[in-house]
Amino acid sequence: MAPDTVPSSRLRVCLAQLNTSVGDIAGNCDRIVEWTGWAAEAGADIVAFPEMAVVGYQVDDLALRPSFVAASQAALTGLAGRLAEAGYGDVVAIVGYLDGSDHVERSTGRPAGSPQDAMAVLHQGRVIARSAKHHLPNYGVFDEFRYFVPGDTLPVVRVRGVDVAIVICEDLWQDGGPVSAAREAGAGFLLAINASPYELAKDDARLALVRRRAAEAGCALAYVNQVGGQDELVFDGDSVVVDAVGAIVARGGQFTEELLTFDLDLPIAEGLPPTAPLADGITVDHVLVSAEPAAGRAPIDGAASAETCSGDRLSDNASIWGALVLGLRDYVRKNGFRSVVIALSGGIDSALSTAIACDALGPENVYCYSMPSKYSSEHSRGDAAEMARRTGVHFGTIPIEPMVEAFLTTVGAAATPLTGVAEENLQARVRGTVLMALSNEEGHLVLANGNKSELAVGYSTLYGDAVGGYAPLKDLFKVRIWELARWRDKAAAERGEVPPIPENSIEKPPSAELRPDQLDTDSLADYPVLDRLLDLYVEQDRGRDALIASGFDEALVDRTLRLVDLAEYKRRQYPPGTKITGKAFGRDRRLPITNAWRESSLRESSLRETSPHDPSPHEPSPHEPAPRQ
């Protein structure tokens, strides 16, 4: 029979691109009921929710608590009943949750009850199918092999005569396994529920992946992704549907909640799926919901289509901005804060943090303070005030010189006078103390303004400019900071708004202003050069010889790598911040603090071979007097 004459059934599917909260099981279930109601109003046959929607994602070591697993299991059962009671029982709801295995895992010997990253199919008040993720990622930010027992079944649910196979996230990213099994089972539609974190350009990688897997499965594929911030991670949505040849049918928005509704004409199943084990020993769990095809159904008004949902995606800078704004907003909201406080110095970093905070929370919830020392220039004070005027944030000035002088006098009288880098770092620590005092008194969350370039080489002061509860710029190299500032100002101008960031804050040479006429380039290479070097060393794990072969000066390579290696203890103590790149400091990059290995010279046999000008791992660096307010 020719492909265009294959009997088909029209399914109406909703992908619920939902923002869940880790641990808020009751709240997440309330939203699943609400969104299923909207899907029912749209006439959906199926509504699919993201991976772990019942408990949120990532749950980390919460997965190891039997009480948490039991709460998830009970909530799922209750959810099935609630959907039926609310009148939504006819809709087939596919929901991710945390389950416990019912058997001893053969390869590891993990006991029955060990956690599983699972999904369930809910219909008419019952859980009619369950399965667990087959492939468990163990790279980057993922530790799932630590927590979960893998699954070995593929649920295939027949809805209106169409066999719908269901997989979970990583099962798409790895070859073989459930996708191959779906093809062997003759599935007419493959649906994947996901919690795939954002990183730059990942939307392109996902689309290519979905197209490839649709071809491998031989059927249309729908990919639903969650949206929202969870600690360092941001989930960007970008759910997508493609047909069997990879053409986009529908695509969700980025960084926004959405119920993506679409119709698909899909082949009617013939017979039953095979019962023998398929690819990688996976067996099919076949469930019949309805065998009668839906034919001739009129398209729903406002349903997603290729024309409306596959247009231009966000540019790199726009997507980064979306991640930064959503990541900060959700961190503040989900942790019970209402406002933030920022040290606004007049420099580019604090200006960009302030602009992000205004977009995330509204200027009425952003409190900024200029804290000038005797080394602060008039133009920096003026730039800070101008930034506050343009954005409408709360703004005040707290001179720190009297506090610094009192500290210097008191310590000098009782011990050793503080000079040089100790005096410079004291200014940053006084500012940090002021910010934390304001946080304690007013309930603001303190934002740290350090960027990835500074954190990489330790150009920051512990308990000074490193204080805070969140660091929006933590995964942005300095050159990207400037690009984003110019992009944000241009976007404002194009909308007829006042650009939030003063041009002088963008264009002037960066300086910590802790001593007369100080510039960052006194201690560091020019940022365009430094950032290229750091990208190769930090992001791509290139060694010393490879860096020198790439054209970098040997002395610069040795000094920069040494600074990066010795600053690990500082980075461990820095606040969490939004992940943007493929290797953010924190979950992505895990190196020992006590570490004698040095790329910078194979002649160094010990961590203790330090020059008088290089710090040991637990000393403030004389090269990095560092605050960046």
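Keep in mind that what you see is a predicted model, and the values were worked out from it rather than measured.
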As an exercise, state the distance from [atom1] of [X] to [atom2] of [Y], rounded to the nearest 0.5 Å.
X	Y	atom1	atom2	result
Q58	E232	CD	CD	9.0 Å
T433	M403	OG1	CE	9.0 Å
L438	I398	CG	CD1	5.0 Å

Compare every heavy atom of [Y] with every heavy atom of [X], then report the nearest pair and how far apart it is.
X	Y	answer
G237	R206	O-NH1, 4.1 Å
V141	R587	O-NH2, 3.3 Å
G140	R590	O-NH2, 3.2 Å
P472	I356	CB-CD1, 4.4 Å
A318	L314	CB-CB, 4.0 Å
A360	L328	CB-CD2, 4.2 Å

Practice prompt. Apply side-chain contact (heavy atoms from CB on, under 4.5 Å) to the pair V366 and T391, showing each step before the final yes or no.
Written response: CA-CA 10 Å; V366 180; T391 57; over 6 Å; no
Item to complete: With sequence neighbours excluded, tell me which residues meet ring pair (Phe, Tyr, Trp, His ring centres under 6.0 Å) with F585.
Response: none
Discussion item. Restricting to ring pair (Phe, Tyr, Trp, His ring centres under 6.0 Å), what partner residues turn up for F477, sequence neighbours left out?
Written reply: none
Practice prompt. Show your reasoning for whether side-chain hydrogen bond (donor to acceptor under 3.5 Å, both in side chains) applies to S339 and H444.
Written response: CA-CA 5 Å; S339 56; H444 310 308; 2.7 Å; yes
Discussion item. Surrounding CZ of R65 (heavy atoms of other residues, nucleotides or ligands, distance under 6.0 Å), is the total greater than 12?
Written reply: no
Worksheet item: Does atom CZ of R338 have more than 12 heavy-atom neighbours, drawn from other residues, nucleotides or ligands, at distances under 6.0 Å?
Response: no
Worksheet item: In a check of side chain to side chain contact (heavy atoms under 4.5 Å, CB included) between L534 and each of V529, L561, L563, V564, which one passes?
Response: V564
Any donor and acceptor pair, going by atom type alone, linking the side chain of [X] with main-chain N or O of [Y] inside 3.5 Å?
X	Y	result
N335	F337	no
E51	A195	yes
D171	H135	yes
K570	S460	yes
S377	S380	yes
K334	T20	yes
S505	I501	no

Worksheet item: Which pairs count as salt bridge (Lys or Arg N to Asp or Glu O under 4.0 Å) when at least one residue sits in residues 398-414, sequence neighbours excluded?
Response: K374-E405
Min side-chain heavy-atom separation [X]-[Y] under 4.5 Å:
X	Y	answer
E378	R381	yes
Y223	N194	yes
K583	D541	yes
R313	D238	yes
D383	K508	yes
M387	R390	no
L326	Y198	no
L476	L324	yes

Discussion item. Going by salt bridge (Lys or Arg N to Asp or Glu O under 4.0 Å), name the residues that satisfy it together with D522, two or more places apart in sequence or in a different chain.
Written reply: R515
Worksheet entry | Steps toward side-chain contact (heavy atoms from CB on, under 4.5 Å) verdict (N425, L462) | CA-CA 9 Å; N425 284 339; L462 283 178; over 6 Å; no
Worksheet item: Salt bridge check: are R589 and E568 linked by an N-O gap of less than 4.0 Å?
Response: yes
Item to complete: Considering only NZ, NE, NH1 and NH2 on the basic side and carboxylate oxygens on the acidic side, decide whether K452 and D531 come within less than 4.0 Å.
Response: no
Worksheet entry | Verdict with reasoning, F255 to F235, per ring pair (Phe, Tyr, Trp, His ring centres under 6.0 Å) | CA-CA 7 Å; F255 308 105; F235 300 89; over 10 Å; no
Worksheet entry | Pair listing, ring pair (Phe, Tyr, Trp, His ring centres under 6.0 Å) test, anchored in residues 315-335, at least two apart | W321-W487, Y331-Y470
Practice prompt. Name all pairs fulfilling the ring pair (Phe, Tyr, Trp, His ring centres under 6.0 Å) condition that reach into residues 393-414, sequence neighbours left out, sorted by first residue then second.
Written response: Y367-H394
Practice prompt. Among N449, T354, N451, find the one that has a side chain to side chain donor-acceptor pair (under 3.5 Å) with D349.
Written response: N451
Worksheet entry | CA sep, side-chain torsions, deciding dist, call: L484, R488, side-chain contact (heavy atoms from CB on, under 4.5 Å) | CA-CA 6 Å; L484 284 171; R488 180 62 182 85; over 6 Å; no
Discussion item. Please determine whether side-chain contact (heavy atoms from CB on, under 4.5 Å) holds for the pair E199 and T581, giving the CA-CA distance in whole Å, both sets of side-chain angles, and the decisive distance to 0.1 Å.
Written reply: CA-CA 5 Å; E199 62 187 55; T581 69; over 6 Å; no
